[in-house]
Amino acid sequence: MAEGRVIRAISGFFDVQDGEKVRRCRARGVFKKRGTTVLVGDKVLYEPIGNNEGVIGEVLPRTTELVRPPIANVDHVVVACSFVTPDLNLYMLDKTLVAAALAGVEPTVVLTKSDLVVSERAEEIVKLYRGIGYETYAIAAKFGSGVAQIRARLKGRISVFAGPSGAGKSTLANALLPGLHLQTGEVSEKIGRGKQTTRHVELFQMDAESWVADAPGFSQLQLELASRDLREYFLDFTEPAQACGYRGCLHLDEEGCGVKDAVERSQIALSRYASYRQLYHEIREQELNEYS
Ligand SMILES: Nc1nc2c(ncn2[C@@H]2O[C@H](COP(=O)(O)OP(=O)(O)OP(=O)(O)O)[C@@H](O)[C@H]2O)c(=O)[nH]1
Ligand SMILES: [Zn+2]
């Protein structure tokens, strides 16, 4: 059997790319019996049939498996947020960074439309997220600025794009993959949000081992984690939390909290702490609903 990569799923068929060639394949019947599914992103063994078809016989082990969007072996997420139109939503950014860590997928923070803000503002946000340890870039993909740096981040990986509608994901994908021509949507002036022009799941090849999925949904993820574990995912809290009076401190209303002290000393950004509190209460609410 030959080895290839599933790059597209269309009503029961899978397009498998092997080198330059793409074959339309179906999955062998045993998959259905075992309840196994083939996902876009899967490395598979297949039996070629004729010139353009084939049958998938085996799915090779996955490194990661996203539910939303349903893609296997994703190892990188571009978390795109625009400075304006729509306005920068640091809560959504912080939530998506937690989702990435939970999924085992490395994030790159990409702040878009930097041409529309003063450079001091752009630098402030870049500095904040680099300081936490995230690879962070301010770009203006519409004008080609910063695109080369993002391309370097995609090398040798399968990347997905996350971020709100209108953030400029399709514009960036088009700049990264000339010839792709994804539809970009004008941001509606009335509601300040872009039209959802991105729909199905498909991988686009940047080079031999680099792939980009333009599929929505990543940040809509419900965080599957206990509220008390959330603090572990705010990496900038780790060091200040050493000074907390209680070992189980949740950094909410406890006395002698090192994290709250660090916020007061501006060692932790106020926006990060606000995101933590909001996310904590959101997860806590889910928990209370589940148990009542
Ligand atoms: N000024 C400026 N506008 C940009 C930039 N990048 C994208 N835009 C504009 O922002 C709008 C939305 O861009 P899209 O690429 O369609 O955004 P998207 O994130 O793919 O949106 P959805 O497909 O709805 O998820 C378009 O009008 C783009 O032209 C940029 O660097 N600077
Ligand atoms: Zn604390």
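Read the numbers this way: they start at 1 and go in the same order the structure lists the ligands and their atoms.
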Contact check: G166 vs ligand 1, nitrogen or oxygen atoms, below 3.5 angstrom
yes

As an exercise, identify every atom of ligand 1 less than 4.0 angstrom from a heavy atom of S170.
15 (O), 18 (P), 20 (O), 23 (O)

Between T171 and ligand 1, which residue portion shows a heavy-atom distance shorter than 4.0 Å: side chain, backbone, both, or neither?
both

Counting both backbone and side chain atoms, is some N or O of A167 under 3.5 Å from an N or O of ligand 1?
yes

For ligand 1, which atoms, with element, lie under 4.0 Å from some heavy atom of L116?
1 (N)

Distance (rounded to the nearest 0.5 Å) between E287 CD and L225 CG:
8.0 Å

Distance-only donor-acceptor check, side chains D94 and Y129, under 3.5 Å
yes

Which bit of A140 is near ligand 1, meaning a heavy atom under 4.0 Å away: side chain, backbone, both or neither?
both

Measure the CZ-CD1 distance between F14 and I56 for me, rounded to the nearest 0.5 Å.
6.0 Å

Pairing donors with acceptors under 3.5 angstrom, does anything connect the side chains of R277 and Y273?
yes

For ligand 1, which atoms sit closer than 4.0 Å to a heavy atom of D115?
1 (N), 2 (C), 30 (C), 31 (O), 32 (N)

Per-atom filter on ligand 1: closer than 4.0 angstrom to a heavy atom of A141 are 31 (O)

Co-membership, hydrophobic cluster, residues L90 and L235, 4.5 Å side-chain:
yes

What do you reckon, does T112 put a non-hydrogen atom under 4.0 Å from ligand 1?
no

From E123 CD over to L128 CG, what is the distance, rounded to the nearest 0.5 angstrom?
13.5 Å

From the N, O or S atoms in H251, identify the one nearest to the Zn ion (ligand 2).
ND1

Return yes if some donor-acceptor pair links the side-chain N/O of R231 with the main-chain N/O of Y280 below 3.5 Å, else return no.
no

Of the backbone atoms (N, CA, C, O) and the side-chain heavy atoms from C-beta on, which set of T85 has a member under 4.0 Å from an atom of ligand 1: side chain, backbone, both, or neither?
neither

Parallel, tilted or perpendicular: which describes the rings of Y276 and F237, with under 30° parallel and over 60° perpendicular?
perpendicular

